Amino acid sequence: MAPIDPHSFTDSSHPLTTHVSLSLYLDFNASTIHASALLSLSSPFSGNLSLDSRSISIKSILDPQTLIPLHFSVSPSPDPIKGSEVVVVLAGQSQILILYSTSPSASALQWLSPLQTFSKTHPYVYTQCQAIHARSIFPCQDTPAARIRYDVVMNIPSPLSAVMSACHVRRRLPVLEEAKHLDALSSVVWCAEDRVVEEFAMEQPIPPYLFAFAVGELGFREVGPRTRVYAESAAGEVLDAAALEFAGTEEMIKQGEKLFGDYEWERFDLLVLPPSFPYGGMENPRMVFLTPTVIKGDATGAQVVAHELAHSWTGNLITNINNEHFWLNEGFTTYAERRIVEVVQGADIATLNMGIGWRGLNDEMERFKDNLEFTKLKNKQEGVDPDDVYSQVPYEKGFQFVLRIERQVGRTAFDEFLKKYIATFKFKSIDTDTFLDFLKANIPGIEKEINLQLWTEGVGIPEDAYEPVSAIYTKIISLAEEFKQGKMPSEDEVAEWKGQEWELYLENLPKSCEPSQVVALDKRYRLAESKDYEVKVSFLKLAISSKCKGYHGEVEKTLKSVGRMLYLRTLFTALAQTGGTEEKQLAKQIFAEARETYHPIAQGVVESILSKYI
Ligand code: BES
Ligand code: ZN
């Protein structure tokens, strides 16, 4: 038994899954999916095949040719990180058929009641599988080392529609025949009058963490030749605002193709989720998922789309082999994102983003000062929950490393290298050494110019990292410095500032300031009430750590209206870590009241923050 991934029970000596066929019956009343999964392996296998699962109840596993049950066992107590190992005894089969149901607490799924949606009349469900949650939707070898193609038959209530990270094949009425593998379910239920079936197929092989769907009362607007934006159809204003915000998407795809090679996924649709979506964006292929908080009519919406689009090359085409090499995904993507932003929004905005990233990276060094392992690009994650150590390090130190190479060889040579790297490893999952070997082979002598080992295996920020410079960046940093001497920026100085400028300014203020000065800043510029969540949250963090108790109401309101983990992490950490008894109590109370509105992954992350400090 040799694991290939610290977060998976998959064994390196077993054949990997190449295809999954899912039949899913979504029961919104019970927040449960009754399902069958037909797994096809790369070759026939005899022996004990290991799969990952989490809170899944398996009824039987069959040989699909003979329908004879196969022996299987599920580990009696789940591993707190990896979940439950499923072992199936095979005798030369290359396919297995698993009949099972998910749990209402499945970590990848958030089931929203009608009241939690915009329309207030229909329920909604969506997935978030990265990093290791696909296993709570279907038993699988849940490691990015295994690339799968898939098809799905999804039975849903007829007022709703479904979208997936896959090609939509058709919407049709259910057929009696199809219910036979869902033995808990009668064909009458499958074919009930108020049900409809949506079919999808994903023909490009993807790592399981890119499996995604959402089901609700959805509508869309066309925004480009290969792009629609989807959201709840009742949220007409959201759809209209999103269509405007993302109007430049086709231009970004074209720029991406110029820089990195063909766009291989045909469609690039966008789905704007309800406010509880735990991330800013998620690069699900063909259907990127976005938080509604990015729609605010400035450059940030396009920045998040540029990031998720960039993953179409770095991450989705070339994938990290496991989470210990996550920087290969996010570091390259952050670099690629900034290249796209530079072309479509200009170098100043790209530099501003670099500056926000640089500040974030430096702050992470403080967060991990007692756990230096997570300041390394390549790090050990045995026994570590990837959601707990999620940080800016793979993004921003990864970005710095890629930029360091670019600066060494020059743009022209680096662009050529990048295209070749992507073309060479597309649809593969690789590790850091594979990248370094390719780098050394294609840029001979690079290891003499850059300390590659220090960058990939060393702790902290290497000396030859690059702090961005631009007029606006330098100006904002010096204004933030002046705040320490009691000087507030003037109306003139901030006249042109949008969200990103304010964010950079606030993030560069001392962690804790004189309370009266913080209140005065807000009185003048109304930051706590900003519609821009980055600004609002940066300000509230400062207010909490500066002991300005008057903002507790706004903090509570914010934590009860959005579920993006970036904001939850920031505000709950500020309350629990820097706050006194009153703030700690407030954190506990807010979490108790808001918990059910958060995605299960976010619930877990907040729980671990509170248990660390309270
Ligand atoms: N793939 C990530 C989101 C993610 C990472 C989900 C790890 C689960 C585990 C996505 O591409 C991302 O980085 N999103 C950022 C957006 C940003 C950098 C523009 C986010 O959500 O903040
Ligand atoms: Zn990303």
Side-chain angles (χ1 to χ4, degrees), residues 19-40 51 53-62 64 67 69 74 86 95-114 117 122-129 133-140 148 150-202 208 211-218 287 600:
H19 192 278
V20 178
S21 282
L22 293 170
S23 176
L24 307 174
Y25 178 93
L26 271 61
D27 180 346
F28 280 88
N29 291 327
S31 303
T32 298
I33 302 176
H34 300 290
S36 72
L38 175 67
L39 269 49
S40 304
L51 301 174
S53 79
R54 193 197 303 283
S55 58
I56 271 182
S57 114
I58 299 183
K59 293 186 199 74
S60 53
I61 302 185
L62 310 174
L67 297 184
V74 180
V86 179
Q95 286 190 317
I96 57 172
L97 178 64
I98 308 172
L99 310 188
Y100 68 95
S101 300
T102 62
S103 150
S105 64
S107 58
L109 296 167
Q110 186 172 23
W111 298 87
L112 298 172
S113 70
T117 67
H122 294 288
Y124 193 109
V125 65
Y126 70 91
T127 63
Q128 168 55 45
C129 290
H133 301 285
R135 65 193 64 177
S136 72
I137 307 178
F138 58 100
C140 57
I148 51 169
Y150 70 81
D151 50 60
V152 172
V153 168
M154 191 188 288
N155 186 309
I156 60 173
S158 49
L160 307 185
S161 54
V163 293
M164 285 204 77
S165 56
C167 171
H168 185 245
V169 178
R170 68 178 75 90
R171 180 179 168 101
R172 57 164 173 83
L173 291 175
V175 183
L176 277 176
E177 257 279 287
E178 295 168 329
K180 70 173 190 275
H181 289 322
L182 300 165
D183 59 0
L185 207 74
S186 78
S187 35
V188 179
V189 174
W190 178 270
C191 293
E193 231 184 302
D194 58 348
R195 306 290 295 190
V196 70
V197 163
E198 302 254 29
E199 283 180 33
F200 296 89
M202 185 56 181
F211 175 89
F213 66 75
V215 179
E217 197 197 25
L218 301 174
M287 181 66 69

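Along the sequence shown, residues carry numbers from 1. Given the structure is predicted, the values throughout are model-derived calculations rather than measurements.
- In this structure, Leu176 and Cys191 have side chains that are in contact, with non-hydrogen atoms separated by less than 4.5 Å.
- Within the 4.5 Å cutoff, no side-chain heavy atoms of Tyr124 are placed close to those of Glu217.
- The two residues Ala166 and Ala201 make their nearest non-hydrogen contact at CB-O, 3.6 Å.
- At a threshold of 4.5 Å between non-hydrogen side-chain atoms, the residues Pro114 and Phe28 do not count as touching.
- Closest heavy-atom contact between Tyr100 and Lys59: C-NZ, 3.6 Å.
- One distance of note links CG of Leu109 with OG1 of Thr127; it measures 7.0 Å at 0.5 Å rounding.
- The side-chain heavy atoms of Ile61 and Val86, taken from C-beta on, include a pair separated by under 4.5 Å.
- Under the side chain to side chain contact (heavy atoms under 4.5 Å, CB included) rule, Ser103 has a single partner from Ser31, Ser55, Ser57, which is Ser55.
- Residues Cys140 and Ile148 form no side-chain contact, since every pair of their non-hydrogen atoms from C-beta on lies 4.5 Å or further apart.
- Ion pairing between a basic and an acidic side chain is recognised when a charged N comes within 4.0 Å of a carboxylate O; Arg195 and Glu178 show no such pairing.
- Residues Leu22 and Ala37 approach most closely at CD2-CB, 3.5 Å, considering heavy atoms.
- Scanning both residues, Leu160 and Val196, for their nearest heavy atoms gives O-CG1, 4.5 Å.
- Judged purely by atom type and a 3.5 angstrom limit, Ser165 uses its side chain to pair as donor or acceptor with the backbone of Ala212.
- We find the CG-CZ distance between Leu38 and Phe138 to be 12.0 Å, quoted to the nearest 0.5 Å.
- Judged by distance alone, the side chains of Asp151 and Ser21 do bring a donor and an acceptor atom under 3.5 Å apart.
- Each of Ile156, Val169, Val163 was scored for a side chain to side chain contact (heavy atoms under 4.5 Å, CB included) with Glu198, with one residue passing: Ile156.
- Side-chain atoms of Ser158 come within 3.5 Å of backbone atoms of Asp194 as a donor-acceptor pair (strictly under, hydrogens ignored).
- Side-chain contact, His133 with Gln128: no donor N or O sits under 3.5 Å from an acceptor N or O.
- Under the 30°/60° scheme for interplanar angles, the aromatic rings of Trp190 and Tyr25 are found to be tilted.
- Ile98 places none of its side-chain heavy atoms less than 4.5 Å from the side chain of Ile56.
- Scanning both residues, Cys129 and Pro208, for their nearest heavy atoms gives CB-O, 4.2 Å.
- Residues Met154 and Ala162 come closest through the heavy atom pair SD-CB, 3.8 Å.
- Taking the six-membered ring wherever Trp is involved, the centroid distance between the rings of Phe213 and Phe200 does not fall below 6.0 Å.
- Side-chain atoms of Ser136 come within 3.5 Å of backbone atoms of Ala108 as a donor-acceptor pair (strictly under, hydrogens ignored).
- A heavy-atom distance below 4.5 Å is found between the side chains of Val153 and Arg172.
- Here the side chains of Thr32 and Pro104 are in contact, with some heavy-atom distance below 4.5 Å.
- Looking at Ser186, its side chain does come within 3.5 Å of a backbone N or O of Val188 through a donor-acceptor pair.
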